[in-house]
Amino acid sequence: VGYSKFRKDFKQITGLSPNQYFIEMKLERSKNLLLNEEMSCKEVAYSLGFDSQTYFTRVFRSHTGLTPQEFRDRHF
């Protein structure tokens, strides 16, 4: 299966492109880590493969409306 066909079929099934889906999964995992682990926001970012804490914070905020630290603070 070529990538174009895969991408089209994947988006039809999930409603998201493979990249968007992957980011959503990483953000869901980050929420669990922020709430259940004693990891810093920086450690969470790097453990999930984000290139920097700044990029992680920007992506997290764009999807949740909160920074990772604000998310953690609101849930504790």
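Numbering of residues begins at 1 and proceeds along the displayed sequence. Keep in mind the model is a prediction, meaning the values are calculated, not measured.
Met39 and Ser47 make their closest contact through CE-OG, 3.7 Å (heavy atoms, listed as atom of the first residue, atom of the second, distance).
Aromatic ring orientation, Phe10 versus Tyr21: perpendicular (interplanar angle above 60°, classes split at 30° and 60°). Classification of the Phe71-Phe60 ring pair by plane angle, with boundaries at 30° and 60°, yields perpendicular.
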Next item on the list: Dump the intermediate steps for side chain to side chain contact (heavy atoms under 4.5 Å, CB included) on Arg29 and Leu48, then the final yes or no.
Entry: CA-CA 8 Å; Arg29 177 72 178 132; Leu48 294 172; 3.5 Å; yes
Next item on the list: Starting from the C-alpha separation in whole Å, work towards a yes-or-no answer on side chain to side chain contact (heavy atoms under 4.5 Å, CB included) for Thr64 and Glu70.
Entry: CA-CA 10 Å; Thr64 66; Glu70 290 169 342; over 6 Å; no
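Within a 6.0 Å radius of NZ in Lys42, other residues, nucleotides and ligands contribute 12 heavy atoms or fewer. Summarising the local packing, CG of Asn32 is surrounded by more than 12 heavy atoms from other residues, nucleotides or ligands at distances under 6.0 Å.
Under the 4.5 Å side-chain criterion, counting only non-hydrogen atoms from C-beta, Phe50 is not in contact with Ser30. No side-chain heavy atom of Leu66 sits less than 4.5 Å from a side-chain heavy atom of Asp73. Thr57 has its side chain out of reach of Cys41: every pair of non-hydrogen atoms, C-beta onward, lies at least 4.5 Å apart. Side-chain contact check for His63 versus Glu24: some heavy-atom pair is nearer than 4.5 Å.
A continuous path of Ile, Leu, Val, Met, Phe, Trp and Tyr side chains, each step under 4.5 Å between heavy atoms, connects Tyr55 with Leu27, placing both in one hydrophobic cluster. If you chain together hydrophobic residues whose side chains sit under 4.5 Å apart, Tyr3 and Leu16 fall into the same group. Note on Val59: it clusters hydrophobically with Phe56, by side-chain heavy-atom contacts below 4.5 Å among ILVMFWY residues.
Rounded to the nearest 0.5 Å, atoms NZ (Lys11) and CD (Gln20) are 5.5 Å apart. One finds the CG atom of Asp9 at 10.5 Å from the OG atom of Ser4 (value rounded to the nearest 0.5 Å). The CG atom of Asn19 sits 8.5 Å away from the CZ atom of Arg7 when rounded to the nearest 0.5 Å.
Using a distance-only test at 3.5 Å, with no hydrogens or angles considered, no donor-acceptor pair links the side chain of Glu28 to the main chain of Met25. Judged purely by atom type and a 3.5 angstrom limit, Arg72 uses its side chain to pair as donor or acceptor with the backbone of Leu34.
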